2 protein chains.
Amino acid sequence: MESQTEKRPARRRDAEENRARIVAAAREVYASAGFDAPFDAIARHAGVGRATLYRNFPDRYALGAAIVEDDLGTLEALAREHGDRPDAFMALLSAIVERHTETHALVPALLRGPGEPALQALVPRVTRLLTVPLRRARTAGLVRDDLTLADVIDVLTMLAAVLADDGTGRSRERRMARALELLIHGLVPREPVHSHPSRR
Amino acid sequence: MESQTEKRPARRRDAEENRARIVAAAREVYASAGFDAPFDAIARHAGVGRATLYRNFPDRYALGAAIVEDDLGTLEALAREHGDRPDAFMALLSAIVERHTETHALVPALLRGPGEPALQALVPRVTRLLTVPLRRARTAGLVRDDLTLADVIDVLTMLAAVLADDGTGRSRERRMARALELLIHGLVPREPVHSHPSRR
DNA sequence: ATCGAAACGGACAGTAGTGTCCACTTGAGC
DNA sequence: GCTCAAGTGGACACTACTGTCCGTTTCGAT
């Protein structure tokens, strides 16, 4: 499970560059054409031959995993920054949504292709990322106390759907932000008029 | 716009039967394999040749539209039953979710294929179905007063996503119910301890 | 500058799904 | 029961995507 982490002994510089260019291209293509965009389109967009792409990533899932892995790194760093502050959970949620609007890949890629080994391997990492912050937030009363990790995963699925939808009107960013807002506060109004106005 | 509504002058009985069988098959196939299941699979599942399918429905969107139209009929009847009672909106929402778990087709079909004429034609009907009940519910304070129709559409998109996800654990029904509950009440707890406990 | 290994990308064959055509079958009116 | 238009489904040609193979190019070490 640590086979290709960090250290890859001898890699030619151009190969390394190409790999990076492919991942970047994949981010864009996945974002604009969805996760099952023609694999070939990614190669073209990256300016490499299809063979080069296949050599680096056996299939679209491996490529997705590479992207997700990057994102996970960022998110884990963020989690570390927040330590055990109870608001870490919400911060993570927002950060995930932000990366969503950017990469369009994280959760959809993780959830589709059920059982794709390359992606499935990352699930525990996502789990680990969220479990503790979720518990903290729950005991601190920042989220409802029956909120489970499975719920959170489904919430991410829902947000991803809004993102994936081509949406005839507002920008992706606005729609995502709104969707998150709706999810957090619900469709039903808060206790109408009362002391502190929820703070947001 | 009324070209093929209700009256189709002379149709052979077997043709009618086949059409019905196709729609039924499509419901099941879309439900289990998603909206872009091979068109051919539907024909096979219905026990008819592909040509027969194509003769009845030029493409998957036309077929989707037929299904959605059925569902819309049911929902419109429900809306009529509720008259202008302020809880009509929530009832509709639940009903849609129920049909979702059954058919898996309504909203996803409506929202994907952006601009497919066959489906786009139904959008106004959905709009009409929801607009008034939404307004009633809003003025009655049953939903937050900044809730727009666009929001509702996105909510339906989100619910459809949970449904579409193969979900490793709980049944579709349970997950849908839970997702709806989360959406309605939000992730954040209601005003913790206070007079009336929200009623549910 | 030279040489071998690493990496490249275009070309190729294989596969899955689409949409149409047409020889055959079947229902319904006479 | 006969007839013919309506209806059927298998076959076919077409397209898009996938994954691999191999002759050529490029890196980097000597």
Side-chain angles (χ1 to χ4, degrees), chain A residues 3-4 7-26 28-66 109 112-113 115-119, chain B residues 3-4 7-26 28-66 105 108-109 112-113 115-119:
Chain A
S3 47
Q4 54 177 20
K7 301 267 151 115
R8 190 148 344 186
R11 290 266 288 170
R12 256 166 56 173
R13 188 161 33 78
D14 55 343
E16 209 68 62
E17 262 173 42
N18 272 342
R19 201 194 123 99
R21 192 162 37 232
I22 287 170
V23 174
E28 293 176 26
V29 173
Y30 283 161
S32 65
F35 186 61
D36 30 43
F39 209 40
D40 181 25
I42 295 169
R44 231 174 311 118
H45 194 264
V48 304
R50 209 185 13 264
T52 303
L53 206 171
Y54 275 103
R55 214 172 305 108
N56 281 280
F57 306 96
D59 56 39
R60 74 178 68 256
Y61 298 104
L63 184 45
R112 288 167 76 172
E116 284 306 320
L119 289 172
Chain B
S3 48
Q4 53 177 24
K7 301 267 152 122
R8 191 148 342 185
R11 289 267 287 168
R12 252 166 59 171
R13 190 159 34 79
D14 57 341
E16 209 68 63
E17 261 173 43
N18 271 343
R19 202 193 123 99
R21 194 166 31 236
I22 288 169
V23 174
E28 294 176 25
V29 172
Y30 283 162
S32 65
F35 186 61
D36 29 43
F39 209 40
D40 181 23
I42 295 169
R44 234 175 309 120
H45 194 264
V48 304
R50 213 191 3 271
T52 302
L53 205 170
Y54 274 104
R55 214 171 307 108
N56 280 280
F57 306 97
D59 56 39
R60 72 178 68 259
Y61 298 104
L63 185 45
R112 290 167 75 173
E116 285 305 321
L119 289 172

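Being a predicted model, the structure only gives us computed values, none of them experimental. Here is how names work: the chains are called A, B, and so on, in the same order as the sequence lines, proteins then strands, and each is numbered from 1.
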Output the rounded distance in Å from [atom1] ([X]) to [atom2] ([N]).
X       : N      : atom1 : atom2 : result
B:Glu16 : C:dT26 : CD    : C1'   : 16 Å
A:Phe57 : D:dT18 : CZ    : P     : 16 Å
A:Asp36 : D:dA16 : CG    : C1'   : 14 Å
B:Glu17 : D:dA6  : CD    : C1'   : 15 Å
B:Phe39 : D:dG9  : CZ    : P     : 15 Å
A:Asp40 : D:dA16 : CG    : C1'   : 10 Å
B:Arg13 : C:dA28 : CZ    : C1'   : 9 Å
B:Asp59 : D:dT15 : CG    : C1'   : 17 Å

Next item on the list: Could you check A:Asp40, A:Ile22, A:Val29 and say which one makes a side-chain contact (heavy atoms from CB on, under 4.5 Å) with A:His45?
Entry: A:Val29

Note to self: Assuming nearest nucleotide by heavy-atom distance, tell me which of B:Ala41 and B:Asp14 is located more 5' along DNA chain C.
What the structure shows: B:Ala41

Margin query: Let's test your reading of the model: under 3.5 Å, does the base of D:dG19 pair with the side chain of A:Arg50 as donor and acceptor?
Written below: yes

Check: Hey, does the side chain of B:Arg60 reach the backbone of B:Phe35 with a donor-acceptor pair shorter than 3.5 angstrom?
Finding: yes

Notebook entry, point to check: Are A:Arg55 and C:dC8 close enough that a side-chain N or O sits under 4.0 Å from OP1 or OP2?
Noted result: yes

Check: Taking OP1 and OP2 of C:dC8, is either one under 4.0 Å from a side-chain nitrogen or oxygen of A:Asn18?
Finding: yes

Could you grab the distance from atom [atom1] of [X] to atom [atom2] of [Y], nearest 0.5 Å is fine?
X       : Y       : atom1 : atom2 : value
B:Glu28 : B:Ile42 : CD    : CD1   : 11.0 Å
A:Asn18 : A:Arg21 : CG    : CZ    : 5.0 Å
A:Tyr54 : A:Phe39 : OH    : CZ    : 5.5 Å

Taking the side chain of [X] as its heavy atoms from C-beta onward, which of [options] lies nearest to it?
X       : options               : value
B:Ala51 : D:dG7, C:dA7, D:dG10  : D:dG10
B:Pro38 : C:dA7, D:dT8, C:dT18  : C:dT18
A:Arg12 : C:dA6, C:dT18, C:dA28 : C:dA6
B:Thr52 : D:dT8, C:dA7, D:dT18  : D:dT8

Check: What is the nucleic acid contact for B:Arg60, judged by heavy atoms within less than 4.0 Å: base, sugar-phosphate only, or nothing?
Finding: sugar-phosphate

Next item on the list: Would you mind classifying the nucleic acid contact of B:Tyr54 as base, sugar-phosphate or nothing, using non-hydrogen atoms under 4.0 angstrom?
Entry: base

